[in-house]
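To keep things clear, I will list the structure first and then write my remarks on it.
Order of appearance sets the numbers: ligands from 1, and atoms from 1 within every ligand.
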Amino acid sequence: MKKIIIAGNWKMNLLQAEVIQLMSGIVKHVKAQRLPNNLKIVCSPVYPYLQTAQSLIPEALKSSLQLAAQNCSEQNPGAFTGEVNPAMLKDVSCKYVIIGHSERRQYQKEDHQLLAAKTKNAIQSGLQVIFCCGEQLKERQQDQQFNIVQQQLEESIFDLHPDLLSKVAIAYEPVWAIGTGETATPEQANEMHQFIRELIHQNFSTEIADNTSILYGGSMKPANAEALLAQPDIDGGLIGGAALQVESFTGIIDIALQLKPTA
Ligand code: PEP
């Protein structure tokens with residue numbers, strides 16, 4: 001069954017004591033639920049606190065509550081000062097890595113080719129990838145959103161072997177909705193998710209398209225999560241601001257628990 005993923009992108013926020021507080025609150029909440037096997041909760045502290053966060057996850061929750069890194073290198077071990085490769089992330093119990101976030105595309109100038117190399121390296125090292133795509137405001141105003149998303153996917157992940165694509169969840173994050181308080185309407189988001197699923201169908205197979213988790217990201221919070229997660233092609237969320245507070249993040253988890261098919 002398709003995975004439903006509620007992932008918090010903590011970005012460059014929180015010192016260690018705050019990581020402990022947030023992670024402990026999430027653990028406490030999740031412990032009290034009966035989480036279905038197909039629901040995955042993912043948290044992404046910065047590199048230095050991955051192990052701290054991991055140490056707070058009890059054994060019984062390890063298949064439901066998992067960690068993502070926010071980036072990884074496309075390189076293997078060697079003379080690459082300041083870089084962290086996916087094998088190292090795996091070694092500290094990371095399950096996922098976020099690749100292609102619009103902030104890295106914008107500030108680190110990460111291009112399609114680099115994102116393709118990072119994705120391949122991460123999967124080959126045993127990580128799962130949350131691959132972000134999404135158009136900028138100007139591109140939507142020019143009705144270019146479908147072309148932009150198609151190009152981002154084609155140039156970075158559609159030449160993966162089908163077995164490797166099954167390790168990728170896609171996060172559709174319209175850039176104009178990230179951190180702005182503006183959200184795509186549920187219909188706008190679902191329309192893009194359907195489009196992405198259709199592209200996977202054309203480039204791979206119906207089975208792969210049906211099994212790929214497509215998350216929405218862009219100012220998701222408890223107040224709008226119900227309408228977004230009720231859409232049939234939205235398989236979870238990548239959440240920034242609202243993932244930094246226990247109540248809002250766990251509020252979204254609870255909505256997913258009510259709305260999404262479980263197994
Ligand atoms: C994000 O950065 O991936 C994100 C969706 O942020 P926010 O929820 O704050 O818009």
Side-chain angles (χ1 to χ4, degrees), residues 4-14 18-19 22 26 40-47 49 53 66-72 94-110 115 118-119 122 127-137 139-140 145 148-149 152-153 156-157 168-186 188-190 192-193 196 213-229 231 233-256:
I4 304 300
I5 301 173
I6 300 296
N9 176 9
W10 293 4
K11 310 193 187 189
M12 199 176 70
N13 289 302
L14 312 177
E18 298 163 312
V19 165
L22 177 56
I26 295 167
K40 304 295 174 195
I41 314 300
V42 179
C43 295
S44 61
V46 290
Y47 291 145
Y49 304 139
Q66 299 173 328
L67 297 184
Q70 300 173 22
N71 178 36
C72 71
C94 249
K95 286 276 185 297
Y96 293 84
V97 57
I98 300 169
I99 292 180
H101 193 279
S102 62
E103 287 151 16
R104 296 201 62 85
R105 291 178 191 263
Q106 183 183 349
Y107 303 129
Q108 270 69 39
K109 308 281 176 254
E110 295 192 349
L115 298 174
K118 287 186 176 206
T119 301
L127 293 179
Q128 296 176 52
V129 168
I130 299 176
F131 185 86
C132 304
C133 58
E135 80 286 357
Q136 309 209 13
L137 181 59
E139 294 160 342
R140 181 161 280 266
Q145 65 272 21
I148 295 294
V149 167
Q152 290 171 336
L153 298 176
S156 294
I157 61 170
V168 178
I170 294 171
Y172 168 56
E173 300 207 301
V175 179
W176 47 272
I178 297 178
T180 59
E182 271 213 48
T183 349
T185 65
Q188 280 173 326
N190 199 62
M192 181 61 84
H193 286 219
I196 293 170
S213 307
I214 308 178
L215 321 182
Y216 168 79
S219 300
M220 189 186 269
K221 48 185 180 278
N224 59 29
E226 194 165 335
L228 287 161
L229 293 173
Q231 296 293 321
D233 280 292
I234 300 186
D235 309 315
L238 180 57
I239 299 132
L244 295 175
Q245 276 109 35
V246 176
E247 296 71 29
S248 44
F249 188 61
T250 57
I252 298 172
I253 296 172
D254 291 347
I255 292 167

_Using heavy atoms and a 4.0 Å limit, tell me yes or no: is K11 in contact with ligand 1?_
yes

*Does ligand 1 have an atom under 4.0 Å from some heavy atom of A177?*
yes

Report, in ascending order of atom number, the atoms of ligand 1 lying under 4.0 Å from any heavy atom of [X].
X: N9; result: 1 (C), 2 (O), 3 (O)
X: G179; result: 7 (P), 9 (O), 10 (O)
X: L238; result: 3 (O), 5 (C)

*If you measure from atom 1 (C) of ligand 1 to every heavy atom of M220, K221, E182, H101, which option wins on shortest distance?*
H101

*asked:* Is there a polar contact between ligand 1 and S219, counting only N or O atoms under 3.5 Å apart?
replied: yes

_Closest non-hydrogen atom pair, S248 against A242_ = OG-O, 2.8 Å

*F249 and C43: which non-hydrogen atoms are nearest, and at how many Å?*
CE2-SG, 4.2 Å

Could you check [atom] against the protein and tell me its nearest heavy-atom contact, residue, atom and distance included?
atom: atom 5 (C) of ligand 1; result: E173 OE2, 3.1 Å
atom: atom 4 (C) of ligand 1; result: G240 N, 3.6 Å
atom: atom 9 (O) of ligand 1; result: G241 N, 2.8 Å

*Go through the steps for W176 and E135 under the test side-chain hydrogen bond (donor to acceptor under 3.5 Å, both in side chains), then give the verdict.*
CA-CA 8 Å; W176 47 272; E135 80 286 357; 2.9 Å; yes

*Examine distances only and state if a side-chain atom of Q231 and a backbone atom of L228 form a donor-acceptor pair shorter than 3.5 Å.*
no

*Is it true that E110 and R105 make a salt bridge, defined as a side-chain N closer than 4.0 Å to a carboxylate O?*
no

